[in-house]
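So the structure is just underneath, and the comments pick up after that.
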Amino acid sequence: MKDLCEKYAAKLLAQGLASAEDAPLVGGLDADLVWNREDPRTEVLAGLFDRLSINSLVFSRPAEPYRTILDFLAERWPGTIRPEDTETRTFLHDIPVCREFTADAMGAQLKKRKAVVLPGLGVVSCGSVSPEQGFVYHSSALFSCFVLFFSEYLNRARQGTLDDGYRAAFERAVSLLPAPRTAPPALAPAPLDTEEKALTAIFEAGRQVVGYGLVDSFFGNISFRLGDTIHISQTGSSLDELEGCVDPCPMDGSATTGLTASSELTAHEDVYRRSDYACILHGHPRFTVIMSMDCAKADCPNRGECHIRCTECRTVDGVPIVPGEVGTGPTGLCNTLPPAMASEGAAIVHGHGLFTAGTVDFNAPFARLLDIENRCRELYFERIAEYD
């Protein structure tokens, strides 16, 4: 258990989510409660294990610009922060704000939600099975708050309702953003004509997508079509640790391997049926998600249900933005994503993320994933300059 605690603490640092000056605290309960490192705050945090049905806990002081963003949002939304992206809808619902670093106060909030913001201190999240759950909720809370902060600033700039406090927080957050990466990695080249080559390429692409910050470990998915079999990452798998977590799924449905495959397997299948693409990458790049949610049509009758009912024809430099929920069903992205992908080779799902496809290997879809995210970042600041 201690090894797992150390592993996920290291992941938070490696992905730039936690502050190296105040390393994360990750606790896990097996036969005994163990922590990744010693710290006097674990005495308070240990009390949460007595109050909740959990076996793991993650507490960290976020790295910048997340720290500035969370403290600002906690001031503006003093009770509950309410992001509108898909990760929030799927995993968090909303993010409570707790102003007391006590087991009673934090426990009361964590009984209702999986992550809590502590202004000036950080974020605490928990899991009932393993430390990876706490890590997932932790990273999702930071992602969602990032998207909310920048989305709301753009909305207010358009409406002319910005105030000095928001401007100051925005300027500070922008000054602390890492420089965009522009050069894609050199990934395994075609031909990927054996299962071994295809799997090795999937593993490598997954590590690089996470390493480039185009997705947090436990989100997104990857697939490669080899003949009539789709090799796809499993649901809930970590994209930077896909060894043993890729399912071979025959397109004729002749095997049950799809039961543990990504919930977006059906969308991948339909893209392959409609096109000659051989591989698909799906990430959650931050500015792509932000721009997918940006719309100037304030009087739209579908406002509030944009993620499933948007009828506007919107694009980013020709890349279509489509609605659709995770998985299947009448409003699932399985209905909207495949036709867009088949015609353009890339599509953005409202509030959710970006899909790109390639015909031979992952080099072209990775480069396009990176290029679209960088273009969305540029477009965001172009619109800010236009309105503000």
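Computed from a predicted model, the values in this text were never measured in an experiment. Nothing fancy with the numbering, it's 1 onward along the sequence. When reading the values below, keep in mind they use all heavy atoms of this one structure, side chains included, and skip hydrogens, waters and symmetry mates.
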Test item: [X] side-chain N/O and [Y] main-chain N/O as donor-acceptor pair under 3.5 Å:
X    : Y    : answer
R113 : Q109 : no
D247 : C249 : no
N55  : S130 : yes
S233 : I222 : yes
T356 : P365 : yes
D71  : G120 : yes
R314 : D294 : yes
S125 : G134 : yes
S292 : G351 : yes
R273 : M251 : yes

Could you tell me how the ring of [X] sits relative to the ring of [Y]: parallel (under 30°), tilted (30 to 60°) or perpendicular (over 60°)?
X    : Y    : value
Y166 : Y153 : perpendicular
F150 : F170 : perpendicular
F287 : F381 : tilted

Give a yes or no on whether a salt bridge exists between [X] and [Y], defined as a side-chain N under 4.0 angstrom from a carboxylate O.
X    : Y    : value
E204 : R207 : no
E171 : R167 : no
K2   : D30  : no

Task: Pairwise side-chain hydrogen bond (donor to acceptor under 3.5 Å, both in side chains) hits with a residue in residues 58-67, at least two apart - done: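 Output for this query lists S19-R67, S60-H138, E64-T68, E64-R172, Y66-R286.
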Under 3.5 Å, is there a donor on one side chain and an acceptor on the other for D252 and S254? yes
| said: Testing the 3.5 Å rule here: is there a donor-acceptor pair between the side chains of S223 and Y272? | reply: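 Note: S223 and Y272 side chains meet the donor-acceptor criterion.
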Should [X] and [Y] count as side-chain neighbours, where that means a heavy-atom distance under 4.5 Å?
X    : Y    : value
V210 : D216 : no
L154 : I384 : yes
D240 : K11  : yes
I372 : P285 : no
V289 : F143 : yes
E132 : E241 : no
S140 : K114 : no
S275 : M341 : no

Result for side chain to side chain contact (heavy atoms under 4.5 Å, CB included) between V349 and one of T288, L337, T336 points to L337
Going by the side chain to side chain contact (heavy atoms under 4.5 Å, CB included) test, name the single residue among L142, L17, V58 that passes it with V123.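 With V123 as partner, L142, L17, V58 yield a single side chain to side chain contact (heavy atoms under 4.5 Å, CB included), made by L142.
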Apply the test side-chain contact (heavy atoms from CB on, under 4.5 Å) to residues F146 and I290: give CA-CA distance (whole Å), side-chain angles for both, the deciding distance (0.1 Å), then the verdict.
CA-CA 9 Å; F146 184 103; I290 291 165; 4.0 Å; yes
Connected to F101, directly or through other members, by ILVMFWY side-chain contacts below 4.5 Å are L25, L29, L33, W35, V44, L45, L48, F49, L52, I54, L57, F59, M106, L110, V116, L118, L121, V124
